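In what follows, a structure is listed as structure tokens, so that the remarks can point back to it.
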Amino acid sequence: QVQLVESGGGLVQAGDSLRLSCAASGLTFSTYGMGWFRQAPGKEREFVASISRAGHTAYADSVKGRFTISRENAKKMAYLQMNSLKPEDTAIYYCAADFSDNAYYTPGDVEADYDYWGQGTQVTVSS
């Protein structure tokens with residue numbers, strides 16, 4: 001059974017940092033690109049960042065320069081380092097896994113492309 005479990009969310013002040021983690025199990029992690037999405041109250045879920053099997057990354061314009069996605073294949077972990085947090089970053093953050101036989105394929109912003117999803121972790125940024 002495949003599981004993606006997010007952790008590291010919490011309540012922080014604007015300007016603070018948080019590091020989200022995504023622990024994967026039940027899959028061959030190294031064969032999946034990984035992505036982070038978020039859903040703010042009353043809004044649709046949106047793409048945040050993604051990383052290919054080989055480590056190539058992509059970011060939404062709203063987080064570029066502030067967030068960094070990374071992965072550790074040996075530990076079956078993906079991370080999202082979030083710096084200079086803003087109140088508008090408040091959302092539930094989800095990690096997702098996208099199988100690919102191309103190590104250089106960087107997952108995109110299409111939710112349907114992802115095969116597995118976590119349950120999410122809440123991030124709240126106060127002003």
Side-chain angles (χ1 to χ4, degrees):
Q1 181 183 358
V2 175
Q3 278 193 312
L4 299 177
V5 180
E6 302 93 337
S7 62
L11 172 62
V12 297
Q13 293 188 330
D16 286 350
S17 298
L18 274 177
R19 187 197 197 202
L20 304 184
S21 298
C22 173
S25 61
L27 53 73
T28 305
F29 185 75
S30 60
T31 64
Y32 286 79
M34 299 298 295
W36 286 94
F37 288 73
R38 66 186 181 186
Q39 186 167 22
K43 295 187 177 181
E44 293 189 352
R45 190 156 57 183
E46 65 176 4
F47 171 79
V48 176
S50 64
I51 186 167
S52 72
R53 292 168 49 193
H56 297 95
T57 59
Y59 297 92
D61 287 344
S62 59
V63 306
K64 209 171 285 186
R66 299 189 298 124
F67 291 11
T68 302
I69 188 172
S70 61
R71 63 187 296 158
E72 284 189 89
N73 287 343
K75 294 184 178 180
K76 296 187 175 182
M77 296 289 294
Y79 306 97
L80 186 67
Q81 177 67 43
M82 305 186 296
N83 299 329
S84 302
L85 282 162
K86 305 175 181 180
E88 50 263 45
D89 294 319
T90 294
I92 299 173
Y93 283 73
Y94 301 88
C95 72
D98 177 6
F99 174 80
S100 175
D101 56 7
N102 181 350
Y104 299 97
Y105 166 73
T106 304
D109 59 359
V110 178
E111 293 187 34
D113 288 344
Y114 291 81
D115 303 291
Y116 302 103
W117 292 81
Q119 294 299 306
T121 185
Q122 176 71 48
V123 172
T124 303
V125 185
S126 64
S127 57

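Predicted model, so just to flag it, every value in this text is computed and none were measured.
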Review point. Between Gln122 and Thr124, is a side chain to side chain donor-acceptor pair (under 3.5 Å) present by the stated rule, with each step listed?
Key: CA-CA 6 Å; Gln122 176 71 48; Thr124 303; 3.3 Å; yes
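Every salt bridge (Lys or Arg N to Asp or Glu O under 4.0 Å) that Lys64 has, sequence neighbours left out, goes to Asp61. For Lys86, there are no salt bridge (Lys or Arg N to Asp or Glu O under 4.0 Å) partners two or more places apart in sequence or in a different chain. Listed by chain and residue number, Glu46, Asp89 satisfy the salt bridge (Lys or Arg N to Asp or Glu O under 4.0 Å) test with Arg38 (two or more places apart in sequence, or in another chain).
Considering all non-hydrogen atoms of both residues, Gly108 and Phe37 come closest at O-CZ, 4.1 Å. Scanning all heavy atoms of the two residues, the minimum distance from Pro41 to Thr90 falls at CD-O, 4.2 Å. The minimum heavy-atom distance linking Val48 with Val63 is given by the pair O-CG2, 3.5 Å. Ile51 and Ser70 make their closest contact through CD1-CA, 3.8 Å (heavy atoms, listed as atom of the first residue, atom of the second, distance). The nearest pair of heavy atoms linking Ala103 to Ser52 is O-OG, 3.4 Å. In this structure, Gly8 and Thr121 approach most closely via the heavy-atom pair N-OG1, 4.3 Å.
To the nearest 0.5 Å, the span separating CG on Leu4 from CE on Met77 amounts to 10.5 Å. We find the CZ-OG1 distance between Arg71 and Thr57 to be 12.0 Å, quoted to the nearest 0.5 Å. Note that CD of Gln81 and CZ of Arg66 are 12.0 Å apart. Values are rounded to the nearest 0.5 Å. To the nearest 0.5 Å, the span separating CD1 on Ile92 from CD on Glu6 amounts to 10.0 Å. Put simply, NE2 on His56 and OH on Tyr104 are 6.5 Å apart, with the number rounded to the nearest 0.5 Å.
In terms of hydrophobic clustering, with Ile, Leu, Val, Met, Phe, Trp and Tyr side chains grouped at heavy-atom distances under 4.5 Å, Tyr116 and Phe47 are assigned to different clusters.
For residues 57-99, the pairs satisfying ring-ring contact (aromatic ring centres under 6.0 Å, His included) are Tyr32-Phe99, with sequence neighbours left out. Listed by first then second residue, pairs satisfying salt bridge (charged side-chain N to carboxylate O under 4.0 Å, His left out) with a partner in residues 97-122 read Arg45-Glu111, not counting sequence neighbours.
The number of heavy atoms from other shown groups lying within 6.0 Å of CD (Gln119) does not exceed 12.
Trp36 places none of its side-chain heavy atoms less than 4.5 Å from the side chain of Ser50. Using a 4.5 Å heavy-atom cutoff, the side chains of Met34 and Phe29 are in contact.
A donor-acceptor pair is defined here as one N or O able to donate and one able to accept, closer than 3.5 Å; such a pair exists between the side chain of Gln39 and the backbone of Lys43.
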Distance-only donor-acceptor hits, side chain of residues 9-23, under 3.5 Å, sequence neighbours excluded:
unit_1, atom_1, unit_2, atom_2, d
Asp16, OD2, Gln13, N, 3.1
Ser17, OG, Asn83, OD1, 2.9

